[in-house]
Structure formats: structure tokens, C-alpha cells
Peer 1: 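Questions regarding the structure given below will be posed in turn.
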Amino acid sequence: MKTLGIIPARYASTRFPGKPLADLNGKSLIQRVYERVMAAPALDEVVVATDDQRIFDHVLDFGGKVHMTSETHQSGTDRCAEVALSFPDYEVVLNVQGDEPFLDYEQIEKVANPLRRGLAEIATLAMPIKDETELFNPNVVKVVYNAQKLALYFSRSTIPYLRNLPKEEWLAQGIHYRHIGLYGYLRSTLLEIAPLPMAELEQLEALEQLRWLYHGKSIYVELTNQAIVGVDTPEDLEKAKNLL
């Protein structure tokens, strides 16, 4: 199944305006991500999706492929769906965050494979929570899944709730998982979910994937032991420079 990698990239950012063009040891952040994703064997094609002319021109300058998309999109999923319309021969689409220059090839493979094997319509990643501050942090999204590794629910709350244990013992049980926001979709599913109306659960938790579950879509949860190192702030950029 032909697989397309799409990297949504916005110029506007509350915490880090112009982030995709920020210098990361001689190359822009978006170029670092693009080159990293391009080298992944699981992908047949990679394209940046942006609504900003500066990013568009920059990607062309370093030899990348880029699509100009609408300014009205509310999410990376919507932006990916617009680009996917131009690639009718591709059956699987991966939504790769434009601020993750250290994404591992194996993680891309883990998201693409369940879709190629017909195990679900959407796929994503999760990793075991090993830090108590993450376990109870509402900014860390948790996921629970069934025996077929299909997501049952995503929440900012700590799930599952261990009723018969004090909270200081929860971490030791090793059954809580942090969601990592790398998504893969069957192209047909991506085009179907993009125009779906927002669900109440999504509004309450501010989690887009709850819309997909609400409308009956299957989300396969593959496990990884490697955290994805993102660049959300200028401070993160300095850390990334040291890692390179």
C-alpha cells in the first residue's frame, strides 16, 4: 500500500512564532524534520502542508515538496485531508508533526503497519508512563485499549482509575500509557473524518481523537518505549541543538 507522509507546518504559534523556520544547527526545524521523515523506508512520498508563504518558499528552496493549504483549517488532520485529495493513488497517510526532528524510523513503521495489515482505520502510538508527575498531569494524554489494541478511550485524566489502591501505588502497576500524537490513517478514512462535526467529548477534553471514536472509527494503538522529542518552545530548541 502506497504510503504518504504529510508534515503540517504553521507559522503562527502562541509559544513560538515562526517555529518551522527557526535555525537548528545550520538548518531550519522544518528542513530537519523533512529530511528525517524522507529517510524513513515506510514512506513512499513526503510533503509539507502549510498556509504560510514564507514556509512554502523555504521548503522549495531546500528542495522539498510542499502544498499550500487553506488558512481556515482548525487542525493538522484537516490540513492533511486537503493534501490527501491531491494524492488519490496513496492508500495510507501519516500525519507527522513538524516539530519533531528526532522521530525514529521504527515509530513511523509502527504506525503504518497496522493500517497496511487491515487492523484498523487509524493508528497511533503510546508508551508506558514511568513518571508520577506525568501520571497525574492533565497535559499528558492517557489511553486505554482492548485486547486487539484498539483504543477504548483517551483522556487527560488518569485512566484506568485504580479504585482499590492508593494513588502513590498506581505507577508501580505499570498499566498506564501516555498517548504520543503520531497518526496514520487510511486515506479514505482521513477524508471521511475531516468534515465530521465536533463531538461533545472532544469539546470537554479538547482531544480531537475522541471525535473519531465517537463516530465509530477504530484506532489501533501501537506501543513504543522511546519518547518523541518535540520542539514546542525556544528553550526546547536549545535542547535540540545540544542533542544534535
Peer 1: Answer yes if the side chains of Thr224 and Gln226 hold a donor-acceptor pair under 3.5 Å, and no otherwise.
Peer 2: no

Peer 1: Check whether more than 12 heavy atoms from other residues, nucleotides or ligands sit under 6.0 Å from atom CD of Gln173, and answer yes or no.
Peer 2: yes

Peer 1: Is there a side-chain contact between Tyr153 and Leu210 (heavy atoms, below 4.5 Å)?
Peer 2: yes

Peer 1: Could you walk me through whether Val96 and Leu182 pass the side-chain contact (heavy atoms from CB on, under 4.5 Å) check?
Peer 2: CA-CA 6 Å; Val96 182; Leu182 172 65; 4.0 Å; yes

Peer 1: Count the heavy atoms of every other residue, nucleotide or ligand shown that sit under 6.0 Å from CD of Glu169, and state whether that count exceeds 12.
Peer 2: yes

Peer 1: Given the rule in the side-chain contact (heavy atoms from CB on, under 4.5 Å) test, do Leu223 and Tyr145 qualify, once you have shown the distances and angles that lead to the verdict?
Peer 2: CA-CA 11 Å; Leu223 300 182; Tyr145 53 87; 3.6 Å; yes

Peer 1: What residues form a ring-ring contact (aromatic ring centres under 6.0 Å, His included) with His179, not counting sequence neighbours?
Peer 2: Phe154, Tyr183

Peer 1: If only atom types and distance count, is the side chain of Arg54 paired as donor or acceptor with the main-chain N or O of Gly18 below 3.5 Å?
Peer 2: no

Peer 1: Do Pro8 and Cys80 touch side chain to side chain, with heavy atoms closer than 4.5 Å?
Peer 2: yes

Peer 1: Say you draw a straight line from CG of Leu85 to CG of Leu190; how long is it, rounded to the nearest 0.5 Å?
Peer 2: 8.5 Å

Peer 1: May I ask you to test the Lys167-Glu132 pair for a side-chain heavy-atom distance under 4.5 Å?
Peer 2: no

Peer 1: Any Lys/Arg nitrogen of Lys142 or Glu134 sitting under 4.0 Å from an Asp/Glu carboxylate oxygen of the other?
Peer 2: no

Peer 1: Tell me if a side-chain donor or acceptor on Lys217 pairs with a main-chain N or O of Glu121 at a distance below 3.5 Å.
Peer 2: no

Peer 1: Return the minimal non-hydrogen interatomic distance between Pro197 and His215, and the atom names on each side.
Peer 2: O-NE2, 3.4 Å

Peer 1: Residues in ring-ring contact (aromatic ring centres under 6.0 Å, His included) with Tyr11, at least two apart?
Peer 2: none

Peer 1: Side chains of Arg36 and Ile108: does their closest heavy-atom pair fall under 4.5 Å?
Peer 2: no

Peer 1: Is it the case that the side chains of Asp131 and Thr133 hold a donor-acceptor pair, with the cut-off being a distance below 3.5 Å and no angle test?
Peer 2: yes

Peer 1: Checking the side chain of Lys149 only, and the main-chain atoms of Glu222 only, is there a donor and an acceptor separated by less than 3.5 Å?
Peer 2: no

Peer 1: Fit a plane to each ring of Trp212 and Tyr185, take the angle between them on a 0 to 90° scale, and name the class: parallel (under 30°), tilted (30 to 60°) or perpendicular (over 60°).
Peer 2: perpendicular

Peer 1: Which heavy atom of Val111 sits nearest to which heavy atom of Gly184, and what is that distance?
Peer 2: CG1-N, 3.3 Å

Peer 1: Is the shortest side-chain heavy-atom distance between Arg211 and Ile193 below 4.5 Å?
Peer 2: no

Peer 1: Just by distance, do the side chain of Arg116 and the backbone of Val92 share a donor-acceptor pair under 3.5 Å?
Peer 2: no

Peer 1: Will you find, in the side chains of Gln209 and Thr124, an N or O donor that is under 3.5 Å from an N or O acceptor?
Peer 2: no

Peer 1: Does Phe16 reach the side chain of Asp232, with side-chain heavy atoms less than 4.5 Å apart?
Peer 2: no

Peer 1: Which pair of heavy atoms, one from Ala49 and one from Val83, lies closest together, and at what distance?
Peer 2: CB-CG2, 3.6 Å

Peer 1: Among Ile6, Asp51, Ile7, Asn95, which residue meets the side-chain contact (heavy atoms from CB on, under 4.5 Å) test with Arg79?
Peer 2: Asp51

Peer 1: Does the pair Glu235 and Arg15 meet the rule for a salt bridge (charged side-chain N to carboxylate O under 4.0 Å, His left out), with working shown?
Peer 2: CA-CA 10 Å; Glu235 292 74 23; Arg15 289 186 289 179; over 6 Å; no

Peer 1: Treat each ILVMFWY residue as a node, draw an edge where side-chain heavy atoms are under 4.5 Å apart, and state whether Val143 and Ile175 are in one component.
Peer 2: no

Peer 1: Can you see whether Glu82 engages Thr69 through a side-chain donor-acceptor pair at a distance of less than 3.5 angstrom?
Peer 2: no

Peer 1: Would you say the side chain of Lys239 lies within less than 4.5 Å of the side chain of Leu243, judging by non-hydrogen atoms?
Peer 2: no

Peer 1: Counting only heavy atoms not in Tyr90 (residues, nucleotides, ligands), do more than 12 fall under 6.0 Å from its OH?
Peer 2: yes

Peer 1: side-chain contact (heavy atoms from CB on, under 4.5 Å) with Arg178: which of Asn137, Val140, Leu135, Leu125?
Peer 2: Val140

Peer 1: Validate the cation-pi geometry between Arg32 and Phe102: distance from NZ or CZ to the six-membered ring centre under 6.0 Å, angle to the ring axis within 45°.
Peer 2: no

Peer 1: Would one find more than 12 heavy atoms of other residues, nucleotides or ligands at under 6.0 Å from atom CD of Glu106?
Peer 2: no

Peer 1: Can you name the closest pair of heavy atoms from Ile55 and Arg10 and give their distance?
Peer 2: CD1-C, 3.7 Å

Peer 1: Would you check if the side chain of Thr50 reaches a backbone N or O of Ala9 as a donor-acceptor pair within less than 3.5 Å?
Peer 2: yes

Peer 1: Strictly by side-chain hydrogen bond (donor to acceptor under 3.5 Å, both in side chains), give each pair with a member in residues 38-49 just once, sequence neighbours left out.
Peer 2: Glu45-Lys65

Peer 1: In terms of heavy-atom contacts, does CD of Glu71 have more than 12 from other residues, nucleotides or ligands at under 6.0 Å?
Peer 2: no

Peer 1: Nearest 0.5 angstrom please: Asp23 CG to Ser28 OG, how far?
Peer 2: 8.0 Å

Peer 1: Taking the side chain as C-beta and beyond, is there a heavy-atom pair between Met127 and Ile228 under 4.5 Å?
Peer 2: no

